[in-house]
Amino acid sequence: MDEVQQLGRAYHQELKWVMERQLPPFEDYVKNSEITSCIFIMFAAIIPGFKSLTQETIDWMKSDPKIATSTGMIGRYWDDIGSHHRESKGGQVLTAIDSYMKQHGVTKQERLSEFAQQVEEAWMDVNKEWVETAFVPREIALQFLSYARMCDASYNHNNGDAYTDPQMGKTTAIALFNVFNKFVNKDGMFEEGDVEGMLSLYEAAHVRFRDEKILQEAADFTRRYLKRNKAELKSGLKDRVKRALERPLHRDSSIFYARIFIPIYETDPSRNELLLKLAKFNFNFLQKLYRKELSQLSRWWKELDLKSKLAYARDRVVEAYVWGVGYHYEPEYSYVRIGLAKAVLVVGVMDDTYDNYATINEAQLFTHILERWNMDEVDRLPEYMKIVYHFMLSTCDDYESDALKLGQAFATPYFKETVQQLGRAYSQELKWVMGRQMPPFKDYVKNSEITSAIYSMFAFTIPGLKSVSQETIDWLKSEPKIAISSGLAGRYLDDIGSHERESKGGQMLTAVDCYMKQHGVTKQEALSKFAQLYEEEWMDLNREWVETAFVPTEIAIEFLNYARMIDATYSINSGDAYTDPQKGKSTVVALFIDPILI
């Protein structure tokens, strides 16, 4: 009701100005326009459809957040440009354009140009606020971005007002309905086009859901086309196609792709030199920040001296930090990057202990003591397990201290739970493997949700995320589909990439062996099935990314980025880049060693 009354007052004020032909100072018009843009009432009207809405959200809206006022002004300026001719009624009624003309002594065309410029400036503010309001659930923040986009679609500097004149919106409706027509012939079969168009279709097809058959056909068709034509392309486009075939843009880490794309863009004749220079400065700034963080992480790791104490465990501090950068590359997420790297190192030590060194009895004892999370029974452990246990408890102590300082003390119990849960899952997996009695494949899949480490890795980053609350943790405990799909995508690709190493020449059973035994298929058929399951989980992840818009972006993006980092770390063709640093060396050099020449 407040928003309706507020809008009524604003419209009434606007009418008084117009009818009395005494338009106010333009600044007063702009302030009133924040309300007549209808941004607040339109948001209020759809509140019942939001899962994530709280009283805190409404209080935030009442504070007139910048993202709301900026989108409102985009709508207001576009409306003024597009509807000026209609609303002025041949010059008989004053409009906002007239207000500005009168105050600044400019022509109508100069004022229209000025309004168009202010639309651009407001869009830049919206872009900035979209990034800086990552603590707001996506389904809420997206309403403001979508409002601005719809204003762009409805009002146009050249075409006028598509809301008042339906004919102006007709072409848009037809284009949306026939979105694939440009790629198919009269028989509904895909046709070859120019490489840029085929590349765009290929990239778009990788955001498909499981039931979108036409996009699956598009992905297959464009992949064949791009592979066939890649050799004939010029260098810049050829490099883009090569990268897309290796890893589609939607599955690529933003910062990894930026490092690759900047040199490609530099060869583009149509490049914007100022934008290129800014991108280079930005990357080099981030690289210096990453080096400092990696140095800090390396000191922590070196002080633990696990490399000499646990010779069987992989020493991969740099590769672990690569994961942190892939999760959140932005400067403000320093704690998240370091926390995620520590998570990867902890998970790696646990995995190597259970998988490669412990006996069944030792693993069960370790899991039993881990459940108690104290030092009461630690003397029962063998010496190497005491080292592992002390390492895990000291890491937890650091976490608890950080969480308390950052106002996230509620996260510590969940952190412990995820580590204990991971221990139980690793122990179960070891029993299956060592007993050479692999379970039904569905039981392996269920256990793999946990051994993917998706939950424990998220828990490590919580203190660095502003938007995490106890409600977030409760949501995670419900095992949301976005977490399951992301975790299983990781597990399947991990199984493909690490099968040879973990099987130890056929001496140890693996998940691939489990599938071969249950379904009576060859190793190659099993690996092909895992690749298919991986693709299916990605399609489910795409759907969940859309359908969990009630979760703040900085939280939901971690599940998408987990799958992206799995894609970067494990490969059907290249193997396991975490275990074999040579496979990931080029990424490490590009991110942390070689700056981009200005």
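Residue numbers count from 1 along this sequence.
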Working to the nearest 0.5 Å, report the span between [atom1] of [X] and [atom2] of [Y].
| X | Y | atom1 | atom2 | result |
| --- | --- | --- | --- | --- |
| Phe559 | Ile484 | CZ | CD1 | 10.5 Å |
| Arg314 | Asp580 | CZ | CG | 11.5 Å |
| Ser253 | Tyr327 | OG | OH | 11.5 Å |
| Ile260 | Arg243 | CD1 | CZ | 3.0 Å |
| Ile450 | Tyr455 | CD1 | OH | 6.0 Å |
| Tyr534 | Leu541 | OH | CG | 9.5 Å |

Please list all pairs passing the salt bridge (Lys or Arg N to Asp or Glu O under 4.0 Å) test where one or both residues lie in [range], with sequence neighbours left out.
| range | value |
| --- | --- |
| residues 447-465 | Lys446-Glu449 |
| residues 330-343 | Glu293-Arg337 |
| residues 384-393 | Glu383-Lys386 |

request  = Verify ring-ring contact (aromatic ring centres under 6.0 Å, His included) between Phe530 and Phe441, making sure each step is shown before the conclusion.
outcome  = CA-CA 12 Å; Phe530 273 45; Phe441 190 66; 5.7 Å; yes
Are any of the side-chain nitrogens in [X] or [Y] under 4.0 Å away from the carboxylate oxygens of its partner?
| X | Y | result |
| --- | --- | --- |
| Asp252 | Arg564 | no |
| Lys466 | Glu554 | no |
| Glu547 | Lys481 | no |

Ignoring hydrogens, what is the shortest heavy-atom contact between [X] and [Y]? Give both atom names and the distance.
| X | Y | answer |
| --- | --- | --- |
| Thr451 | Ser448 | OG1-CA, 3.2 Å |
| Ile482 | Ala556 | CD1-O, 4.3 Å |
| Ser486 | Ala563 | OG-N, 3.7 Å |
| Tyr329 | Ser254 | CE2-CB, 3.8 Å |
| Leu345 | Ala320 | CG-CB, 3.7 Å |
| Ala363 | Thr367 | O-OG1, 2.8 Å |

task = Hey, could you give me each pair passing side chain to side chain donor-acceptor pair (under 3.5 Å) that has a residue in residues 387-400? Not counting sequence neighbours.
result =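 Every pair satisfying side chain to side chain donor-acceptor pair (under 3.5 Å) with a residue in residues 387-400: there are none.
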inquiry  = Please evaluate residues Val419 and Lys416 with respect to the criterion side-chain contact (heavy atoms from CB on, under 4.5 Å), reporting the C-alpha separation (whole Å), side-chain torsions for both, the decisive distance (0.1 Å), and the verdict.
reply    = CA-CA 5 Å; Val419 175; Lys416 294 178 181 177; 5.9 Å; no
Side chains of [X] and [Y]: does their closest heavy-atom pair fall under 4.5 Å?
| X | Y | result |
| --- | --- | --- |
| Val336 | Glu558 | yes |
| Phe366 | Met392 | yes |
| Thr353 | Tyr312 | yes |

inquiry  = Pair Tyr426, Tyr354 - check ring-ring contact (aromatic ring centres under 6.0 Å, His included), show working.
reply    = CA-CA 6 Å; Tyr426 277 146; Tyr354 279 97; 5.6 Å; yes
inquiry  = Working note: Asp540 + Arg543, criterion salt bridge (Lys or Arg N to Asp or Glu O under 4.0 Å); need CA distance, chi angles, decisive distance, verdict.
reply    = CA-CA 5 Å; Asp540 288 344; Arg543 179 182 290 279; 5.7 Å; no
key: Contacts of type ring pair (Phe, Tyr, Trp, His ring centres under 6.0 Å), residue Phe285, not counting sequence neighbours   =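 Applying ring pair (Phe, Tyr, Trp, His ring centres under 6.0 Å) to Phe285 gives none.
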message = Go through it in stages, so that I can follow the logic: the residues are Arg210 and Asn542, the test is side-chain contact (heavy atoms from CB on, under 4.5 Å), and I'd like the CA-CA distance, side-chain angles, deciding distance and then a yes or no.
response = CA-CA 9 Å; Arg210 194 187 284 244; Asn542 290 338; over 6 Å; no
request  = Take Ile255 and Tyr290 through the test side-chain contact (heavy atoms from CB on, under 4.5 Å) and record every step on the way to the result.
outcome  = CA-CA 12 Å; Ile255 193 67; Tyr290 298 158; 4.0 Å; yes
message = Working note: Glu537 + Arg491, criterion salt bridge (Lys or Arg N to Asp or Glu O under 4.0 Å); need CA distance, chi angles, decisive distance, verdict.
response = CA-CA 10 Å; Glu537 292 301 338; Arg491 192 68 257 182; over 6 Å; no
query = Run the ring-ring contact (aromatic ring centres under 6.0 Å, His included) check on His206 and Trp538 step by step: do they pass?
reply = CA-CA 9 Å; His206 283 86; Trp538 251 112; 9.1 Å; no
Tyr578 ring center within less than 6.0 Å of Tyr570 ring center =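 Ring centroids of Tyr570 and Tyr578 are no less than 6.0 Å from each other.
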Let me check something: any side-chain donor-acceptor pairs from residues 405-415 under 3.5 Å, sequence neighbours excluded? List them with distances.
| from | atom 1 | to | atom 2 | distance (Å) |
| --- | --- | --- | --- | --- |
| Gln408 | NE2 | Ile462 | O | 3.4 |
| Gln408 | NE2 | Leu465 | O | 2.7 |

ask   = Short question: side chain of Thr569, backbone of Ile566 - any donor-acceptor pair under 3.5 Å?
value =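 Side chain of Thr569 to backbone of Ile566, a donor-acceptor pair under 3.5 Å: no, none is there.
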key: Lys477 atom NZ, neighbour heavy-atom count above 12 within 6.0 Å   =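 Yes, because the 6.0 Å sphere around NZ of Lys477 holds more than 12 heavy atoms from other groups.
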request  = Report the residue from Arg291, Lys292, Arg299 that forms a side-chain hydrogen bond (donor to acceptor under 3.5 Å, both in side chains) with Ser295.
outcome  =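 Exactly one option meets the side-chain hydrogen bond (donor to acceptor under 3.5 Å, both in side chains) with Ser295, and it is Arg299.
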inquiry  = As a quick check of understanding, evaluate side-chain contact (heavy atoms from CB on, under 4.5 Å) for Arg380 and Leu365, giving each step before the final call.
reply    = CA-CA 8 Å; Arg380 296 174 58 194; Leu365 176 61; 3.5 Å; yes
